Participant: 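Let me give you the structure first, and then I'll get to my questions.
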Amino acid sequence: MSVIAEAALAGFFQVLFEKLTSPELWKIFQQEKVDADLKKWAITLRNIRKVLVDAEEKQMTDEFVKSWLAELQDLAYDADDILDEFATEALRRELNAEEASTSTVIIKFINDCVGSDRDFVTLMRSKIEDIDTRLQKIVKDKKDLELKENSGGRTITTRSWPPSTSLVNESRTYGRDEDKKKIVKLLLESSDAQLSVIPIVGMGGLGKTTLAQLVYRDNEVSNYFDLKAWVCVSEDFDNLRLTKEILHSFTSKPWDNNSTLDSLQVELEEKLSTKKFLLILDDVWNEDYVLWTELRKPFESGALGSKIVVTTRNFGVTSTMGTTLPYKLEELSHDACLRVFTHHALDATDFSKYPELKEFGQKIVNKCKGVPLAAKVLGGLLRTARNRNEWENVLNSKILDIPEEKGKIFSVLKLSYNYLPSHLKRCFAYCSLFPKDDEFEEKDLVLLWMAEGLV
């Protein structure tokens, strides 16, 4: 079962629940005395939906979970077909109840398609029994797979790459001079606010962390603030861990694993009191406003002009944490992206020593679409290759064909996908039906989503 297929499944459950609880359909369920069966479906499917997030994660590495999801998908689509047949039957009966002079052509057509009431009831009971049997097997297999329930938020997965640090080699970063100037200007602006939070937002791999590193290491910024700290947040927004790491970054104090959140926050508040500080919170995903307001309490003791810079690819984070308009990071220019690529592929800034590779290099960089991470990974793949055939092979490969151990592109993209709500995963999955490089209008796509019942 593909990632695209399970994306459709996660969102498809919502459609099933809406149909199972539809007042129009519930009337015919009761008439045919199948309401008790379908009520059981709703309860069982609701319990299954609780483990879908965990199943989506595990099916990438567990063939049994992958097979279970495939069975569940088949059952969900068959159940949806049954509900559609009930909807058609309800319409047929409604039309039959009207005066004979009304919609006779439509009534005859539907009767020819559906058959008599007795035929319909017999067929539906048989299909419902089949779904019941398959559903019980799926429930039993779910228990055997020991899938974890999701209480409403997203599951927290183990970070698959090292946390970021504040260190950066400015001579080896390209194309972010103007962005750096703008963020530095925001940091050095005088403000009446006790604390300003500046979000830097953009898609994965654009270089948000690199930009934050450049700003953090800037001499003018360092001289302006009394204290600085850098913390990589990532997916696990745990206030105890974060407070501990922030305090350690500000003070270099050894960690005390026995400290409570209260004692740590009191100590941090005292450390920041009347000080103008800069805190970088890198790679933030949390949108929980309550968690954020709890974490920020000690920061409010700082001097006027204290700043927090948040890097995130999630626009929801900017509204939760930001006090200023988010700074949207754009793609690198082609020339800057080319320099990133040649630096990692050739340890050079151009192709002057390897003119025979320039044509392939230019085309490879075009595939990167201004994303420095893509240029870095593809350049790294070719670091020891000087053969035209090897460069042509990379040019003709798909970006996601790159082995995970050779680069983090898939991890970066997969994480963004994981954080989509289920209904958006299904809309995203629908786009896979379009051929590569196919152009479509936004309005047309929305109309197609509506036609499929996705929105």
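Predicted model, so just to flag it, every value in this text is computed and none were measured.
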Participant: Within the 4.5 Å heavy-atom criterion, are Leu167 and Gln213 side-chain neighbours or not?
Facilitator: no
Participant: Might you point out which heavy atoms bring Leu357 and Phe351 nearest each other, and give the distance in Å?
Facilitator: O-CE2, 3.9 Å
Participant: Kindly determine whether Ile82 and Phe86 satisfy side-chain contact (heavy atoms from CB on, under 4.5 Å), including the steps that lead there.
Facilitator: CA-CA 6 Å; Ile82 291 174; Phe86 271 110; 3.8 Å; yes
Participant: Between Ser259 and Lys244, do the side chains contain a donor N or O and an acceptor N or O under 3.5 Å apart?
Facilitator: no
Participant: Output yes when a side-chain donor or acceptor of Thr243 lies under 3.5 Å from a complementary backbone atom of Asn239, and no otherwise.
Facilitator: yes
Participant: Does Tyr430 reach the side chain of Trp449, with side-chain heavy atoms less than 4.5 Å apart?
Facilitator: yes
Participant: Provide the closest heavy-atom pair for Val317 versus Asn286 in the form atom of the first, atom of the second, distance.
Facilitator: CG2-O, 3.3 Å
Participant: How close do Ala212 and Ile280 get, heavy atom to heavy atom, and via which atoms?
Facilitator: CB-CG2, 4.1 Å
Participant: May I ask you to decide if Thr349's main-chain N or O and Arg339's side chain share a donor-acceptor pair within less than 3.5 Å?
Facilitator: no
Participant: Would you tell me whether Asp350 and Ser352 have side-chain atoms, one donor and one acceptor, within less than 3.5 Å of each other?
Facilitator: yes
Participant: First locate atom CG of Leu214, then atom CG of Asn169, and finally report the distance between them rounded to the nearest 0.5 Å.
Facilitator: 10.0 Å
Participant: Establish, from distance only, whether the side-chain atoms of Asn314 and Thr312 form a donor-acceptor pair under 3.5 Å.
Facilitator: no
Participant: Could you check whether any side-chain heavy atom of Ser306 comes within less than 4.5 Å of a side-chain heavy atom of Gln194, counting everything from C-beta outward?
Facilitator: no
Participant: Going from CD1 on Ile198 to OG1 on Thr318, what distance comes out if it is rounded to the nearest 0.5 angstrom?
Facilitator: 13.5 Å
Participant: Charged N to carboxylate O below 4.0 Å: is that the case for Lys297 and Glu294?
Facilitator: yes
Participant: Could you tell me whether Asp141 and Lys137 have a side-chain N and a carboxylate O separated by less than 4.0 Å?
Facilitator: yes
Participant: Once rounded to the nearest 0.5 Å, what's the spacing between atom CG of Asn258 and atom OG of Ser263?
Facilitator: 10.0 Å
Participant: Would Tyr354 and Thr342 satisfy side-chain contact (heavy atoms from CB on, under 4.5 Å), going step by step from the backbone distance to the final call?
Facilitator: CA-CA 10 Å; Tyr354 306 95; Thr342 54; over 6 Å; no
Participant: Indicate the atoms forming the closest heavy-atom contact of Thr209 with Ser164, along with that distance.
Facilitator: CG2-CB, 3.8 Å
Participant: With a 6.0 Å cut-off on the ring centroids, do Tyr216 and Trp230 count as close?
Facilitator: yes
Participant: Report the distance from atom CG of Leu264 to atom NE2 of His248, rounding to the nearest 0.5 Å.
Facilitator: 12.5 Å
Participant: Side-chain contact, heavy-atom cut-off 4.5 Å: Ser190 with Leu304?
Facilitator: no
Participant: Give the C-alpha distance, both sets of side-chain angles, the deciding distance and a yes or no for side chain to side chain donor-acceptor pair (under 3.5 Å) between Asp262 and Thr260.
Facilitator: CA-CA 5 Å; Asp262 177 68; Thr260 64; 5.0 Å; no
Participant: Cation-pi check for Phe341 against Lys376: NZ or CZ below 6.0 Å from the six-membered ring centre and within 45 degrees of the axis, yes or no?
Facilitator: no
Participant: Do Val340 and Arg172 have side chains that get closer than 4.5 Å, going by heavy atoms?
Facilitator: no
Participant: Quick one: CG on Asp283 to OG1 on Thr311, what's the gap to the nearest 0.5 Å?
Facilitator: 6.0 Å
Participant: Do Lys271 and Lys253 have side chains that get closer than 4.5 Å, going by heavy atoms?
Facilitator: no
Participant: Taking all atoms of both residues into account, what is the closest heavy-atom pair of Leu378 and Cys368, and its distance?
Facilitator: CD1-SG, 3.7 Å
Participant: Test the Arg388-Phe360 pair against the cation-pi criterion, namely NZ or CZ under 6.0 angstrom from the six-membered ring centroid and within 45° of the ring axis.
Facilitator: no
Participant: Counting distance only, does the side-chain N/O of Arg296 pair as donor-acceptor with the main-chain N or O of Leu291 below 3.5 Å?
Facilitator: no
Participant: Testing the 3.5 Å rule here: is there a donor-acceptor pair between the side chains of Asp179 and Tyr327?
Facilitator: yes
Participant: With a cut-off of 3.5 Å and sequence neighbours excluded, list every side-chain donor-acceptor pair involving residues 201-208.
Facilitator:
residue : atom : partner : partner atom : Å
Lys208  : NZ   : Gly202  : O            : 3.1
Lys208  : NZ   : Met203  : O            : 3.0

Participant: I'd like to know if the side chain of Asp444 reaches the main chain of Phe440, judged simply by a donor and an acceptor atom lying under 3.5 Å from each other, with no hydrogens or angles considered.
Facilitator: no
Participant: Looking at side-chain heavy atoms only, is the closest gap between Phe315 and Lys328 below 4.5 Å?
Facilitator: yes
Participant: Between Glu170 and Lys180, does any NZ, NE, NH1 or NH2 come within less than 4.0 Å of an OD or OE carboxylate oxygen?
Facilitator: yes
Participant: Just checking Asn219: does its CG atom have more than 12 heavy atoms from other residues, nucleotides or ligands closer to it than 6.0 angstrom?
Facilitator: no
Participant: Do Tyr224 and Leu187 have side chains that approach each other closer than 4.5 Å (heavy atoms only, starting at C-beta)?
Facilitator: no
Participant: May I ask you to decide whether Glu189 forms a salt bridge with Lys185, counting only side-chain N to carboxylate O separations under 4.0 Å?
Facilitator: no
Participant: What do you reckon, is CG of Leu325 surrounded by more than 12 foreign heavy atoms closer than 6.0 Å?
Facilitator: no
Participant: Could you walk me through whether Leu227 and Leu272 pass side-chain contact (heavy atoms from CB on, under 4.5 Å), step by step?
Facilitator: CA-CA 8 Å; Leu227 296 170; Leu272 299 180; 4.0 Å; yes
Participant: Among Arg134, Lys127, Gln73, which one satisfies side-chain hydrogen bond (donor to acceptor under 3.5 Å, both in side chains) with Asp78?
Facilitator: Arg134
Participant: Kindly say whether Leu247 contributes a backbone atom to a donor-acceptor pair with the side chain of Thr251 at under 3.5 angstrom?
Facilitator: yes
Participant: Would the number of heavy atoms belonging to other residues, nucleotides or ligands and lying under 6.0 Å from NZ of Lys276 be above 12?
Facilitator: yes
Participant: Test side-chain contact (heavy atoms from CB on, under 4.5 Å) on Leu445 and Phe434; report intermediate values, then the result.
Facilitator: CA-CA 10 Å; Leu445 178 60; Phe434 294 98; 3.7 Å; yes
Participant: I'd like to know if Arg176 and Glu178 make a salt bridge, using a cut-off of under 4.0 Å between side-chain N and carboxylate O.
Facilitator: no
Participant: So, Lys181 and Asp177, do they make that salt bridge, N to O below 4.0 Å?
Facilitator: no
Participant: Angle between ring planes, Phe277 versus Phe299, binned at 30° and 60°: parallel, tilted or perpendicular?
Facilitator: tilted
Participant: Cation over ring, Lys307 on Phe225, under 6.0 Å and within 45°?
Facilitator: no
Participant: Does a donor on one side chain sit under 3.5 Å from an acceptor on the other, for Asn393 and Trp391?
Facilitator: no
Participant: Verify, without hydrogens or angle tests, whether Thr320 (side chain) and Glu287 (backbone) share a donor-acceptor contact under 3.5 angstrom.
Facilitator: yes
Participant: How far apart are the closest heavy atoms of Val284 and Leu281, and which atoms are they?
Facilitator: CG2-O, 3.6 Å
Participant: As an exercise, state the distance from CD1 of Ile138 to CG of Asp74, rounded to the nearest 0.5 Å.
Facilitator: 8.5 Å
Participant: Just wondering, are more than 12 heavy atoms of other shown residues or ligands nearer than 6.0 Å to OH in Tyr289?
Facilitator: no
